[in-house]
Amino acid sequence: MRTANVLLDRDFTIGQTDKRLFGAFIEHLGRCVYGGIYEPGHPTADAKGFRQDVMALVRELAPTIMRYPGGNFVSGYNWEDGVGPVEDRPARLDYAWFSTEPNTFGTNEFIDWCKASGIEPMLAVNLGTRGPQDAGYFIEYCNHPGGTHFSDLRREHGWEEPHGVKFWCLGNEMDGPWQTCARTADEYGRVAQEAAKIMRWVDKSIELAACGSSGRKMPTFGFWEDRVLEHTFNEVEWISLHTYLNNYAKDTPAFLASPDLMDNFIEEVVAIADAVAARKRSSKRIMLSFDEWNVWYRTRRPREARIKPGWPVAPPILEEIYNMQDALAFGGAVISLLNHADRVRCACLAQLVNVIAPIMTETGGPAWRQTIFYPFAHFANFGHGEVLRTRVICDSYEADYFDPAGPDDEYRTKVTGVQYLKLSAVHDGEGGLTLFALNRDLEGPMQMDVEARSFGGFVLETATTMHDADLDAVNSKEAPERIAPRALDGVTVAGSRISAVLPAASWTVIRLKAA
Ligand code: AHR
């Protein structure tokens, strides 16, 4: 059996997790909104059309902030189309997903849904087909108390009090050729800078995120962040990152190694942001908003291949069905985010319901948890606290990972030094500790021994693990609990030493409280 020895110390910390690290994302895309969170006429829908079966699962999942309305969708969106009397709202062609957007759900409904769910809203402005002036109008509509055209319009529409949205994204993936009105780094940087100025003039309490490059494998990556921050450094608090892990190559070790590339990506963006700060002789530190992350590949295809005749409303697209190994890679991503809690202060799982999502629904039918639901729920429920530095000694391997698709050499990334144990440890501030552990060894269990120095001693609260002999097993309407965490037996605690045998290819969460 492989072994892993872990040493950590209560006083050696990475950083406190920010509440916004545990966010998710709702886009007008497929059945995320319509048939997902919102379905008037559904047996569980409330008077506003919000599905209560979905909301119950969202509460269990526990996201803290929700990004809206896109994604690619936002780059062609007129926010005015989604406010006011529903019968007067226009249906529009959505260029991002080749669908018809009925606009029966819009900003005010989203804010109400967030309030009902206890989640902070995050809004994105359209810097594709629109620009700074419109961004100013939108924030006036949302956040200005009253006495002006757009703030009074909100009040007329029935929302007397301002929405008070604090976190705003300046567009989405603006370097992606697939984006409606993509821009060069300088074009985007200037537009984002001017939009940010107006938006902050309207409401100085807001925080703003500039778009980073759409991914680490984009040819624009690096140069893009540098140029965009050169323009926007004084205007923004955040830069965004996006990553979708894939198993196109059907190579499980490489797939499970891929979250380590998120570590590299984060550290590279930090380095670039801090280099811009150095160039400007500034002590300001730009924080990272990892506002799209997930596993996504089966339903990922070029724009043209997505065209469905007839511009349907809420077509069932991007309905990725997640299996056991997806949950493992996903758990690895959770650990990468936690272990960079000092600079990744915000992150959004893309997305929430039906569309590459932890929650699946049948329109008119039930809702259930996908495999990835569980590692996210563990993260969002138990990840709050001080992330500790961990020294992990165990065997490692290397892998060839293909992103976005293989097997062309230009897409190959060699991942080296992949430790079989990927681990994060979070201290709750009251002597309690949670260990998040991914055993990437497919062949056998792993003996994990942890010495948690400077802790007085623990008692075991819970130990759960997810694993299955069939790494392709999935949950479904018929078998909604096929994959779920089960109790992990045999965890021993002696003072501040914890020992556990982690099953092969498993995601394990061990929660300890002060003795
Ligand atoms: O989350 C799905 C899509 O992925 C988003 O709309 C876009 O920002 C990204 O390319």
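Below, all heavy atoms of this structure are taken into account, side chains as well, without hydrogens, waters or symmetry copies. Since we're looking at a predicted model, the values are computed, not measured. Atoms within each ligand, like the ligands themselves, are counted from 1 in listed order. One-based numbering along the sequence shown.
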Peer 1: Just so I know, are the side chains of Val418 and Arg440 near enough to count as touching, which here means a heavy-atom distance under 4.5 Å?
Peer 2: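 Heavy-atom side-chain distance check passes, below 4.5 Å.
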
Peer 1: Is Arg183 salt-bridged to Glu173, going by a charged N under 4.0 Å from an acidic O?
Peer 2: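 Salt bridge flag = no for Glu173 with Arg183.
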
Peer 1: Would you please determine whether Phe73 falls within less than 4.0 Å of ligand 1 on a heavy-atom basis?
Peer 2: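 No; Phe73 lies far enough from ligand 1 that no heavy-atom distance drops under 4.0 Å.
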
Peer 1: Within a strict 4.5 Å, meaning less than it, do heavy atoms of the Ile239 and Val269 side chains meet?
Peer 2: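 With C-beta onward as the side chain, the pair touches.
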
Peer 1: Counting heavy atoms only, which part of Trp97 comes closer than 4.0 Å to ligand 1: side chain, backbone, both or neither?
Peer 2: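 The answer is the side chain.
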
Peer 1: Would one find an N or O of Glu173, backbone or side chain, under 3.5 Å from an N or O of ligand 1?
Peer 2: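 It does: an N or O of Glu173 is found under 3.5 Å from an N or O of ligand 1.
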
Peer 1: Could you check whether Lys284 makes a cation-pi contact with Phe233, meaning its NZ or CZ is under 6.0 Å from the centre of the six-membered ring and within 45° of the ring axis?
Peer 2: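 Yes, Lys284 sits over the ring of Phe233.
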
Peer 1: Looking only at heavy atoms, is any part of Asn172 under 4.0 Å from ligand 1, and if so is it the side chain, the backbone, or both, or is it neither?
Peer 2: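 It is the side chain that touches ligand 1; the backbone stays farther off.
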
Peer 1: N/O of His242 under 3.5 Å from N/O of ligand 1, yes or no?
Peer 2: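 Between His242 and ligand 1 (N or O atoms, distance only) the closest approach is not under 3.5 Å.
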
Peer 1: Please confirm whether Arg412 makes a cation-pi placement over Phe402, using NZ or CZ under 6.0 Å from the six-membered ring centre and within 45° of the ring normal.
Peer 2: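 Pair Arg412/Phe402 does not count as cation-pi.
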
Peer 1: Check ligand 1 against Asn72 and write out every atom of the ligand that is under 4.0 Å from a heavy-atom position of the residue.
Peer 2: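 Near Asn72, the atoms of ligand 1 are 5 (C), 6 (O), 7 (C), 8 (O), 10 (O).
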
Peer 1: Tell me whether the rings of Trp296 and Tyr244 are parallel (<30°), tilted (30 to 60°) or perpendicular (>60°).
Peer 2: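 Trp296 vs Tyr244 ring planes: perpendicular.
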
Peer 1: Relative to the heavy atoms of Glu27, which atoms of ligand 1 are at a distance of less than 4.0 Å?
Peer 2: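 Counting from 1, the qualifying ligand atoms are 5 (C), 6 (O).
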
Peer 1: Which heavy atom of the protein is the closest neighbour of atom 1 (O) of ligand 1, given with residue, atom name and distance?
Peer 2: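 For atom 1 (O) of ligand 1, the nearest protein heavy atom is Tyr244 OH, 2.8 Å.
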
Peer 1: Assign the ring pair Phe167 / Trp238 to parallel, tilted or perpendicular, where the plane angle (0 to 90°) is split at 30° and 60°.
Peer 2: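 Phe167 vs Trp238 ring planes: tilted.
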
Peer 1: How close does the nearest protein non-hydrogen atom get to atom 2 (C) of ligand 1, and which residue and atom is it?
Peer 2: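 In this structure, atom 2 (C) of ligand 1 has Gln351 NE2, 3.5 Å as its nearest protein heavy atom.
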
Peer 1: Check ligand 1 against Gly71 and write out every atom of the ligand that is under 4.0 Å from a heavy-atom position of the residue.
Peer 2: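 Matching atoms, with element in brackets: 5 (C), 6 (O), 8 (O).
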
Peer 1: Looking only at protein heavy atoms, identify the closest one to atom 9 (C) of ligand 1 and say how far it is in Å.
Peer 2: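 Answer, as residue, atom name and distance: Glu292 OE1, 3.0 Å.
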
Peer 1: For the residue pair Phe376 and Phe379, does the interplanar ring angle fall in the parallel (under 30°), tilted (30 to 60°) or perpendicular (over 60°) class?
Peer 2: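 Ring orientation, 0 to 90° scale: perpendicular.
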
Peer 1: For ligand 1, does Ile356 get within less than 4.0 Å through its side chain, its backbone, both, or neither, judged by non-hydrogen atoms?
Peer 2: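 For Ile356, only side-chain atoms sit under 4.0 Å from ligand 1.
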
Peer 1: Which of parallel (below 30°), tilted (30 to 60°) and perpendicular (above 60°) describes Trp79 and Tyr141?
Peer 2: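 Tilted, since the angle between the ring planes falls between 30° and 60°.
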
Peer 1: Assess Asn294 for proximity to ligand 1: is some non-hydrogen atom of it under 4.0 Å away?
Peer 2: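 No, Asn294 has no heavy atom closer than 4.0 Å to ligand 1.
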
